**Q** 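Structure below; questions to follow.
All values derive from a computational prediction rather than experimental measurement. Each chain gets a letter, A, B and so on, in the order its sequence line appears, and its residues count up from 1. The basis for the numbers below is simple: all heavy atoms, side chains too, and nothing from hydrogens, waters or symmetry mates.
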There are 2 protein chains.
Amino acid sequence: MFSKACQYAIRATVLIAMEGRNGRRMSLVDIAQSTGSPPAFTAKVLQQLARAGILDSTKGPNGGFDLTPAKARKVKLSMVVKAIDGDDVYKGCGMGLPQCNAKKPCPLHDHFQQVRDDLRRMLEGTDMHTLSLGLDAGTTYLKR
Amino acid sequence: MFSKACQYAIRATVLIAMEGRNGRRMSLVDIAQSTGSPPAFTAKVLQQLARAGILDSTKGPNGGFDLTPAKARKVKLSMVVKAIDGDDVYKGCGMGLPQCNAKKPCPLHDHFQQVRDDLRRMLEGTDMHTLSLGLDAGTTYLKR
DNA sequence: TCTAATTCGGATAAAACTATCCTAAATTTG
DNA sequence: CAAATTTAGGATAGTTTTATCCGAATTAGA
């Protein structure tokens, strides 16, 4: 469903949002460690998110990536997914037709509509702050 | 959501099911033509489907791929997807954690559950015969 | 039996994705 | 100001996915 890059992006952003609730910022190595992601590759992903304005990054000692609770509430899953994978997964045609709509639908269109809308609603309605809450509550986990 | 190979597989199978309703079989070149897919690559995909027992193939003149209406009713979308992409897309964890379940869920687990179950129900409940009906009725389309 | 049509399977190539490494730039701290 | 820390970005590999080509095997029909 999502690329590995996108999965790393989601994991990292949720984690950074959690640290953000404590007013802290996280370094790349800590993020990679806590999410079980390859550091160098994760760096690229985080840079993409920072360029997209989803995360804030700071260089130098004590630097890293951060996301304030206020911003975390505004950052929806759909924004992270779109920044890394594009929005095809929750907007595009299931069979890959470039033009597929109610007027000229693919055979899957109607069957798929509900699923895609469901996914879209979920992605657009779920924010990073909410996702981060379970992490330090110990009800959700980020690593195998 | 699905790989290109899988999209080609779905398009082809629906088309073959439609021809099957007229008791006909389809050659690779006709399939590639009618679905707008690269012939050589589509050949590999169709071979996979034939090996998986989803399609029947016949060599020689007037050969090709076929699917009887009776069989098309039994072939669910999930079977095609599983044969090409595996079942991760409708069974696996959205964040890519190898172990993610109700007991040790990822932060997305609960939010994702409904979407995944929805997708799964759709894939397992939709058969190729049904999908093929709109094609010659002119209510659905396979090519851009 | 010969020929043509057609799938099968292996080899190969191109593109995209995943991953790593190294240097530059920025920033904090002493 | 110098040194250490940390992200930014470019270069480069490795792997997977997508794609093509070609010869072998099979089969129908003349």
**Q** Could you grab the distance from atom OG of A:Ser27 to atom CG of A:Asn62, nearest 0.5 Å is fine?
**A**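 If I round to the nearest 0.5 Å, the distance is 9.5 Å.
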**Q** So A:Ala5, base contact, sugar-phosphate only, or nothing? Heavy-atom distance under 4.0 Å.
**A**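 Since only primed, P, OP1 and OP2 atoms lie under 4.0 Å of A:Ala5, the category is sugar-phosphate.
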**Q** C:dT7, C:dT20, D:dA8: which one has an atom nearest the side-chain heavy atoms of A:Phe65?
**A**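 Nearest listed nucleotide: D:dA8.
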**Q** Measure CD1/A:Ile31 against C1'/D:dT7 and give the value in whole Å, please.
**A**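 Distance check: A:Ile31 CD1 to D:dT7 C1' gives 11 Å.
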**Q** Whole-Å distance between C:dA19 P and A:Gln48 CD?
**A**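 The answer, rounded to whole Å, is 14 Å.
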**Q** With a 4.0 Å cut-off on heavy atoms, is A:Leu46 in touch with a base, just the backbone sugar-phosphate, or nothing at all?
**A**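 Touches nothing.
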**Q** When the distance from CD1 of A:Ile16 to P of D:dT6 is rounded to whole Å, what number comes out?
**A**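 Interatomic distance, CD1 of A:Ile16 to P of D:dT6: 15 Å.
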**Q** When you measure from every atom of DNA chain D, which of residues 56-64 of chain A have a heavy atom less than 4.0 Å away?
**A**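 Residues of residues 56-64 of chain A that come under 4.0 Å of DNA chain D are, in numerical order, A:Ser57, A:Thr58, A:Lys59, A:Gly60, A:Pro61, A:Asn62, A:Gly63, A:Gly64.
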**Q** Which of the following nucleotides, C:dT18, C:dG9, D:dT20, is nearest to the side chain of A:Phe41?
**A**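 Output: C:dT18.
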**Q** Counting C-beta onward and ignoring hydrogens, is there a side-chain heavy-atom pair between B:Val81 and B:Asp87 closer than 4.5 Å?
**A**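 Side chain of B:Val81 against side chain of B:Asp87, heavy atoms only: no contact under 4.5 Å found.
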**Q** Please tell me which of the listed nucleotides, C:dC8, D:dT20, C:dG9, lies nearest to the side chain of B:Ala40?
**A**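 Side chain of B:Ala40 sits closest to D:dT20.
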**Q** How many angstroms lie between atom CG of B:Leu49 and atom CD of B:Gln47, to the nearest 0.5 angstrom?
**A**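 Here the rounded value is 10.0 Å.
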**Q** I'd like to check B:Leu131 versus B:Leu77 (side-chain heavy atoms, cut-off strictly below 4.5 Å). Are they in contact?
**A**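 When only atoms from C-beta onward are counted, B:Leu77 and B:Leu131 do touch, with a gap below 4.5 Å.
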**Q** Mind listing the closest non-hydrogen atom pair of A:Arg73 and A:His129 along with its distance?
**A**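 Where A:Arg73 meets A:His129 most closely, the heavy atoms are NH1-NE2, 3.2 Å.
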**Q** For a quick test of reading the model: is some side-chain N or O of A:Arg25 closer than 4.0 Å to OP1 or OP2 of D:dT6?
**A**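 For D:dT6, neither OP1 nor OP2 has a side-chain N or O of A:Arg25 closer than 4.0 Å.
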**Q** Out of D:dA8, D:dT6, C:dT20, which nucleotide sits closest to the side chain of A:Ser27?
**A**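 Out of D:dA8, D:dT6, C:dT20, the nucleotide with an atom closest to A:Ser27's side chain is D:dT6.
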**Q** Could you check how far CD of A:Gln7 sits from C1' of C:dC17, rounded to whole Å?
**A**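 These atoms are roughly 13 Å apart.
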**Q** Is A:Thr140 close to B:Cys106 at the side-chain level, that is, under 4.5 Å between some pair of heavy atoms?
**A**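 No, side chains not in contact.
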**Q** With a 4.5 Å limit on heavy-atom distance, are the side chains of A:Met122 and B:Phe112 in contact?
**A**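 Yes, their side chains come closer than 4.5 Å.
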**Q** Is the shortest side-chain N/O distance from A:Lys44 to OP1 or OP2 of C:dC17 below 4.0 Å?
**A**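 Indeed not, no polar side-chain atom of A:Lys44 lies that close.
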**Q** Could you tell me the separation between the CG atom of B:Leu55 and the C1' atom of C:dT6, rounded to a whole number of Å?
**A**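 After rounding, the reported distance stands at 16 Å.
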**Q** Does a side-chain heavy-atom distance below 4.5 Å link A:Leu67 with A:Val75?
**A**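 They are in side-chain contact.
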**Q** Quick check: closest heavy atoms across B:Ser132 and B:Met18, and the distance to 0.1 Å?
**A**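 Between these two residues, the closest heavy atoms are CB-N, 3.7 Å.
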**Q** A:Lys4 NZ to D:dT15 P: how many Å, rounded?
**A**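 Value for this atom pair: 12 Å.
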**Q** Calculate the interatomic distance between A:Arg51 atom CZ and D:dA8 atom C1'; express it in whole Å.
**A**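 Result: 8 Å.
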**Q** To the closest 0.5 Å, what do you measure between CG (B:Leu123) and CD1 (B:Ile10)?
**A**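 One gets 7.5 Å once the value is rounded to the nearest 0.5 Å.
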**Q** Taking only heavy atoms on the protein side, list every residue of residues 80-87 of chain B lying under 4.0 Å from any atom of DNA chain D, sorted numerically.
**A**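 Nucleic-acid contacts, sorted: none.
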**Q** With respect to the phosphate group of D:dT18, does any side-chain polar atom (N or O) of B:Tyr8 fall under 4.0 Å of OP1 or OP2?
**A**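 It does not, given that no N or O in the side chain of B:Tyr8 lies less than 4.0 Å from OP1 or OP2 of D:dT18.
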